[in-house]
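Chain identifiers are assigned alphabetically (A, B, ...) following the order of the sequence lines, protein sequences preceding nucleic acid strands; residue numbering begins at 1 within each chain.
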Number of protein chains: 2
Amino acid sequence: MKPETITETIKVACSSCNLRELCMPIGFTSDDMQKLDSVVATRRRIKQGDNLFSNGDSFTSLFAIRTGFFKTCVSAADGREQVTGFQMAGEIIGLDGIVSDYHSCNAVALEDAEVCVMPFANVEDLSREFPQLQRHVHKIMSREIVRENSVMMLLGNMRAEERLAAFLLNLVQRLHARGFSQSELTLRMSREEIGSYLGMKLETVSRAFSKFSDEGIIEVKQRYVRIIEPDALKKIFNPETCT
Amino acid sequence: MKPETITETIKVACSSCNLRELCMPIGFTSDDMQKLDSVVATRRRIKQGDNLFSNGDSFTSLFAIRTGFFKTCVSAADGREQVTGFQMAGEIIGLDGIVSDYHSCNAVALEDAEVCVMPFANVEDLSREFPQLQRHVHKIMSREIVRENSVMMLLGNMRAEERLAAFLLNLVQRLHARGFSQSELTLRMSREEIGSYLGMKLETVSRAFSKFSDEGIIEVKQRYVRIIEPDALKKIFNPETCT
DNA sequence: AAAAATCTTTGACACATGTCAATAGATTGC
DNA sequence: GCAATCTATTGACATGTGTCAAAGATTTTT
């Protein structure tokens, strides 16, 4: 590998991005589209294991993931870490930084990644000009609030197997929306990271995987997972609504 | 204006509201202030136990709490409830509704309350006109995301007593910002509601209160709480940074 | 004022998950 | 290609919190 600065900048255009439907699904005229392109200043590559931003970094931009996979996590003063989310192509990270002008969590690339850098000043300027963009930004933030509400439900009320079932269903659903298989996936995160997200220890995650596997609900081989009985997973997550 | 039942409408002005510093802390000229007043359409009274909005209600407005105390909660299909937050005067609720145009949680008044109704269309219109308001709305949403991140840390990594200590410290801190005592408070929620928020059963909440009381850290008499040793609470919540 | 309902406290015991430890499998570096 | 380092699995046991039950408090209803 040749030494390169972590930040490689590439000029790009939203108007020609194949993730547009996910990232900025706004009904724009092609004229407006030209202006939208100016939200994105540059692209940036992040190597696996590197941080896109860290707790305490000053906040200037939101990031739209083009390729790759991230986790965001917060840490307590005593070092305990809590993974607060896993993000994939088309999703926006960095919203935590808006309130105080610095980031309060770490965003770590779980595989080599590329993001679109959207200086927040640009986002706000264009939002005032384009009500549809404004609405879209509001929806992205609201969606994150609603997502976190349901994680709180998982952490506060669900048992280990329910949490893992919900986690797997959520992952494949999002991957499927991106054109991947509905039944197969390769986890980009370790058992420990899954556990941190779901509020359980890695051994408990592993045991839950093994249990699902023994019951024929899924096939697991390390980080490869095939969902054999999606309905059984849904039933574990939510016993009431599925028959 | 027609006479109301539960919803009593009162015309009011942000420019003369004593909660302005908390709710809309924006450096406005008095001219701009006049326009800001038009964000708030009406006020509405909610009786203790009534819902300000419910899961499934269509979303039209954000609500700024003027007086009273609320909880927000989500429910799973099988009826399990998760309290996602407690809100007091000067705080904004309803952000969950933006993403899908309907609410995904319930907001319940834990005491008689009064809220300012801010039709979201007004908020968006004025946001495009006033960058400071736009920024403020973004900060409110980001703050909620960051708050939920730290609740995830509580639920995923902390033990019962750490959760309760963090909860009490957070409550008094917010009450203090509103001019109340730093050491005394009257809880507006039951042990069960505290437990739901903190991911533990009401008995565990009660035991943790009793433990703190036995140790002389707090004085508890039902819903009255006096914090005798705030430093001890901080140490429980975060053993590393204190001493 | 008595009765009923609700909320809180406390005890005894159960159990889901955490902790510790050993092994095996996968990946990385030399 | 082999050692070193991660990562995942599995077992045995510990423990924090949940469950169930009973008795006081407190508030509401009659």
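- With the nearest nucleotide of DNA chain D identified for both B:Val205 and A:Phe209, A:Phe209 has the one nearer the 5' end.
- One interatomic measurement links the two molecules: CG of B:Leu187 to P of D:dT26, which rounds to 15 Å at whole-angstrom precision.
- Following rounding to the nearest Å, B:Arg223 (CZ) and C:dC7 (C1') show an atom-to-atom distance of 7 Å.
- Summarising the geometry, the separation between CG on B:Asn157 and P on C:dT19 is reported as 10 Å, rounded to the nearest angstrom.
- The base of D:dC20 sits within donor-acceptor range of the side chain of B:Glu203, with an N or O pair under 3.5 Å.
- In the set D:dA8, C:dT8, D:dT9, D:dA8 carries the atom at the smallest distance from any side-chain atom of A:Ser190.
- Atom CZ in B:Arg163 sits about 7 Å away from atom P in D:dT17, given to the nearest Å.
- Contact between the side-chain N/O atoms of B:Thr204 and the OP1/OP2 oxygens of D:dG16 is not found at any separation under 4.0 Å.
- Other residues, nucleotides and ligands contribute only 12 or fewer heavy atoms inside 6.0 Å of the CD atom of B:Gln182.
- Rounded to whole angstrom, the span from the CG atom of A:Leu198 across to the P atom of C:dG18 amounts to 11 Å.
- For B:Glu81, the CD atom is densely surrounded, since the number of other residues' heavy atoms within 6.0 Å is greater than 12.
- Comparing B:Met189 and A:Leu202 by the nucleotide of DNA chain C whose heavy atom lies nearest to each, the residue mapping closer to the 5' end is B:Met189.
- Of all nucleotides listed (C:dC7, D:dT9, D:dT17), D:dT9 comes nearest to the side chain of A:Arg191.
- Contacts of B:Lys221 with the nucleic acid, taken as non-hydrogen atoms under 4.0 Å apart, involve only primed sugar atoms and P, OP1 or OP2.
- When side chains are defined from C-beta on, A:Phe69 counts as touching A:Met189, because their heavy atoms get closer than 4.5 Å.
- Using a 4.0 Å cut-off, no side-chain N or O of A:Arg207 falls inside it from OP1 or OP2 of D:dG11.
- Within the nucleic acid shown, B:Ser206 comes within 4.0 Å of at least one base atom, counting heavy atoms only.
- Across the interface with DNA chain C, nearest-nucleotide mapping of A:Gln222 and A:Glu161 shows A:Glu161 to be the residue nearer the 5′ end.
- Rounding to whole angstrom units, NZ of residue B:Lys201 and P of D:dT17 are separated by 14 Å.
- In this model, no donor atom of one side chain and acceptor atom of the other lie less than 3.5 Å apart for A:Tyr224 and A:Glu219.
- Looking at B:Glu193, its side chain has no donor and acceptor atom pair within 3.5 Å of the base of C:dC7.
- Put simply, the side chain of B:Thr204 does not reach to within 4.5 Å of the side chain of B:Leu164, judged on heavy atoms.
- In this structure, B:Arg159 places its CZ atom 19 Å from P of D:dA14, rounding to the nearest Å.
- Put simply, OH on A:Tyr224 is 17 Å from P on D:dA8, counting in whole angstrom units.
- Among the protein residues, A:Gly195 comes within range of no part of the nucleic acid, since none of its heavy atoms lies under 4.0 Å from any strand.
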